[in-house]
J.: 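The structure that follows is given in the form of structure tokens.
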Amino acid sequence: KTYRYRDNGKLRSVHYMEDGRNVKTESYNRKEQLDEVRYIDKKSETTTKVEIYENGEVKKTRVYTSFNNYYTVPGATKP
């Protein structure tokens, strides 16, 4: 895990790695609430999906089909 902090000392993001490869990144807003979670494919290092949170709950999920192409699903999806 790698923690990143803002200049005022509040948490900005938590970056997860497994076997030296990127797995996911959790981003937090200024109130230190979970803002979004970005899942990354281990082999290709591309974004597979992004879960966008509002008030601590999943508002919508973007599932990527290719580099900049995605479709949006309301709520959460399986990893």
J.: Applying the side-chain contact (heavy atoms from CB on, under 4.5 Å) test to Glu51, which of Thr61, Leu34, Val63, Asp35 qualifies?
T.: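 One option only clears the test, and that one is Thr61.
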J.: Donor-acceptor check, side chain of Glu32 to backbone of Leu11, threshold 3.5 angstrom: yes or no?
T.: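 Confirmed, Glu32 side chain pairs with Leu11 backbone.
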J.: Any idea which heavy atoms bring Tyr28 and Arg6 closest together, and the distance?
T.: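 Tyr28 and Arg6 have their closest heavy atoms at O-NH2, 2.9 Å.
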J.: Any salt bridge between Glu26 and Lys24, counting N to O under 4.0 Å?
T.: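 Result for this pair is yes, salt bridge flagged.
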J.: Could you state whether Tyr39 and Phe67 fall into the same hydrophobic cluster, counting links through intermediate Ile, Leu, Val, Met, Phe, Trp or Tyr residues with side-chain heavy atoms under 4.5 angstrom apart?
T.: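 No; tracing contacts between hydrophobic side chains, which count when under 4.5 Å, never links both residues.
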J.: Working note: Val58 + Tyr53, criterion side-chain contact (heavy atoms from CB on, under 4.5 Å); need CA distance, chi angles, decisive distance, verdict.
T.: CA-CA 4 Å; Val58 179; Tyr53 289 78; 3.4 Å; yes
J.: Does the structure place the NZ or CZ of Lys1 under 6.0 Å from the centre of the six-membered ring of Tyr16, at an angle of no more than 45° from the ring's axis?
T.: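 That pair does not qualify as a cation-pi contact.
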J.: Lys42 and Asn22: side-chain contact (heavy atoms from CB on, under 4.5 Å), yes or no, with the steps?
T.: CA-CA 6 Å; Lys42 286 184 184 178; Asn22 300 317; over 6 Å; no
J.: Of the non-hydrogen atoms in Tyr64 and Thr47, which two are nearest, and what is the gap between them?
T.: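 For Tyr64 and Thr47, the tightest heavy-atom pair comes out as CB-O, 3.4 Å.
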J.: Do you know the tightest heavy-atom contact between Arg21 and Lys43?
T.: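 Closest approach of Arg21 to Lys43: NH1-CA, 3.8 Å.
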J.: Does any donor atom in the side chain of Gln33 or Asn55 lie under 3.5 Å from an acceptor atom in the other side chain?
T.: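 No.
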J.: A side-chain contact here means heavy atoms from C-beta on lying under 4.5 Å apart; do Pro74 and Lys60 qualify?
T.: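 Counting from C-beta outward, Pro74 and Lys60 never come under 4.5 Å.
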J.: Go through Lys10 and Arg30 one step at a time and tell me if the side-chain contact (heavy atoms from CB on, under 4.5 Å) criterion holds.
T.: CA-CA 7 Å; Lys10 291 189 175 183; Arg30 297 204 181 267; 5.7 Å; no
J.: Just wondering, are more than 12 heavy atoms of other shown residues or ligands nearer than 6.0 Å to CG in Asn8?
T.: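 Yes.
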J.: For Glu57, I'd like to know if atom CD has over 12 heavy atoms of other residues, nucleotides or ligands within 6.0 Å.
T.: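 Count not over threshold, so no.
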J.: Report whether Tyr5 and Val14 are members of the same hydrophobic cluster (ILVMFWY, side-chain heavy atoms less than 4.5 Å apart, transitive linking).
T.: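 Linked, Tyr5 and Val14 end up in one cluster.
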J.: Would you call Glu36-Arg38 a salt bridge at under 4.0 Å N-O?
T.: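 Here Glu36 does not pair with Arg38 in a salt bridge, since their nearest N and O are not under 4.0 Å apart.
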J.: Would you find a donor on one side and an acceptor on the other, under 3.5 Å apart, between the side chain of Thr72 and the backbone of Arg62?
T.: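 No: the side chain of Thr72 does not pair with the backbone of Arg62.
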J.: Counting N and O atoms only, with roles assigned by atom type, does the side chain of Asn29 sit under 3.5 Å from a partner on the main chain of Lys31, one being a donor and the other an acceptor?
T.: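 Checked: pair present.
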J.: Report the C-alpha separation of Glu45 and Ile40 in whole Å, then their side-chain angles, then the decisive distance to 0.1 Å, and conclude whether the side-chain contact (heavy atoms from CB on, under 4.5 Å) test is met.
T.: CA-CA 6 Å; Glu45 292 287 328; Ile40 305 166; 4.1 Å; yes
J.: Can you tell me how far the OG1 atom of Thr65 sits from the OH atom of Tyr71, to the nearest 0.5 Å?
T.: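 Thr65 OG1 to Tyr71 OH: 8.0 Å, rounded to 0.5 Å.
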